[in-house]
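What you see below is based on every heavy atom in this structure, not just the backbone, and it leaves out hydrogens, waters and symmetry mates.
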Amino acid sequence: MNWIILLLFLWAMRRVYVLIRDSILSRKGRTVRVRYKFEARQNRALALAHPIASARAIGAYANPKAPAPTAEQAQALRASLLHIIGLRANMQDDAIKAALPALLRRHWFRIDLDRLRPDDDPRAALAFASARVAFAVRMASLLGWLDPALQWDVLYQNAQRASDCFGSWEEFGAALARGRRQWIAGARADSLGAAFDEATLAQWLASRGHPWRSLPWRGDVLFAAPAT
């Protein structure tokens, strides 16, 4: 019995250590590992934006027990998030909270896709848009702009769209890498994400600690349209 108590104590101490370490690293602007601690369906929806969340070191992105984004992180992300969503950069929080729900209900599926050019690869564009929608919607909830229930509703619809269009994390990741490259090449800014190539993607897929290897691409239906 004593050894069981000892193991539980050591496990609890490690959890405390990880939370404190991630909080310190986040405040210093250093790399924080994004850990997926929601239920399976939620993790799949969030993992679409893993490269962005990892690049921005948002520990709370997929872990409800991680420290919330710092004031510095929130300020650094604010203008880019509002631009993606389609709101003015100078809007105050109360105005964002009032406008965002209706805007997302009628507009989420058009985010980034209404800025395509005739020579853009549509599948690459869809992967890029899906990742940015996932990150923007999750961060809007973390910043207090969006009700969690509506957040998950949009995230599930976004993830179902990606699941219907791509057959695996590898296929989605390759399209995402192409999508970001074509976005930047078209003189369209992406201050949130980070570039990666097929070689980096292969490394991620070979790493047991990466969500694109550990999380299944296929599973239960993420979002089912209501019956008509």
Shortest non-hydrogen contact from [X] toward [Y]:
X      : Y      : result
Ala49  : Ala131 : CB-O, 3.2 Å
Ser80  : Ser191 : OG-OG, 2.6 Å
Ile85  : Ile111 : CA-CD1, 4.4 Å
Pro69  : Ile58  : CG-CG2, 4.3 Å
Trp217 : Arg44  : O-NH2, 3.1 Å
Leu201 : Ala174 : CD2-N, 3.3 Å

Would you say that [X] contacts [Y] through its side chain, given a criterion of any heavy-atom pair below 4.5 Å between the two side chains?
X      : Y      : answer
His83  : Arg78  : no
Pro216 : Trp169 : no
Phe135 : Leu81  : yes
Pro51  : Trp204 : yes
Asn43  : Pro211 : no
Trp145 : Asp94  : no
Arg208 : Ser214 : no

**OP:** Report the C-alpha separation of Asp121 and Arg178 in whole Å, then their side-chain angles, then the decisive distance to 0.1 Å, and conclude whether the side-chain contact (heavy atoms from CB on, under 4.5 Å) test is met.
**Re:** CA-CA 9 Å; Asp121 173 0; Arg178 296 195 308 273; 3.8 Å; yes
Atom [atom1] in [X], atom [atom2] in [Y]: separation rounded to 0.5 Å?
X      : Y      : atom1 : atom2 : result
Leu126 : Arg161 : CG    : CZ    : 5.0 Å
Ile96  : Leu103 : CD1   : CG    : 11.5 Å
Asp153 : Leu150 : CG    : CG    : 6.0 Å
Gln157 : Arg105 : CD    : CZ    : 10.5 Å
Arg41  : Leu46  : CZ    : CG    : 11.5 Å
Leu104 : Asp147 : CG    : CG    : 11.5 Å

Do [X] side-chain atoms and [Y] backbone N/O form a donor-acceptor pair below 3.5 Å?
X      : Y      : value
Ser163 : Ala159 : no
Asp120 : Pro122 : no
Gln73  : Thr70  : yes
Asn63  : Arg35  : no

Neighbour count >12 (heavy atoms, 6.0 Å) for atom [atom1], [X]:
X      : atom1 : result
Arg213 : CZ    : yes
Gln92  : CD    : no
Gln182 : CD    : yes

Subject >> Salt-bridge contact Arg181-Glu198 (side-chain N to carboxylate O under 4.0 Å) >> reply: yes
**OP:** Kindly write out the residues that satisfy side-chain contact (heavy atoms from CB on, under 4.5 Å) with Gln151, not counting sequence neighbours, or none if the list is empty.
**Re:** Val137, Arg138, Ser141, Leu146, Pro148, Leu155
Original post:
Which of parallel (below 30°), tilted (30 to 60°) and perpendicular (above 60°) describes Phe128 and Trp183?
Top reply: tilted
**OP:** With sequence neighbours left out, write down each residue that passes salt bridge (charged side-chain N to carboxylate O under 4.0 Å, His left out) with Arg132, or none if nothing qualifies.
**Re:** Asp112, Asp190
Subject >> Check against side-chain contact (heavy atoms from CB on, under 4.5 Å), Arg56 and Leu77 >> reply: CA-CA 9 Å; Arg56 305 304 298 190; Leu77 292 170; 3.4 Å; yes
Subject >> Phe172 vs Ser130, side-chain contact (heavy atoms from CB on, under 4.5 Å): CA-CA, chis, key distance, verdict >> reply: CA-CA 10 Å; Phe172 170 78; Ser130 297; 4.2 Å; yes
**OP:** Kindly state each residue pair satisfying ring pair (Phe, Tyr, Trp, His ring centres under 6.0 Å) with at least one member in residues 97-119, sequence neighbours excluded.
**Re:** none
Original post:
Could you walk me through whether Arg123 and Phe166 pass the side-chain contact (heavy atoms from CB on, under 4.5 Å) check?
Top reply: CA-CA 9 Å; Arg123 284 176 59 79; Phe166 301 98; 3.3 Å; yes
Subject >> Residue pair His50 / Tyr61, side-chain donor-acceptor N/O under 3.5 Å >> reply: no
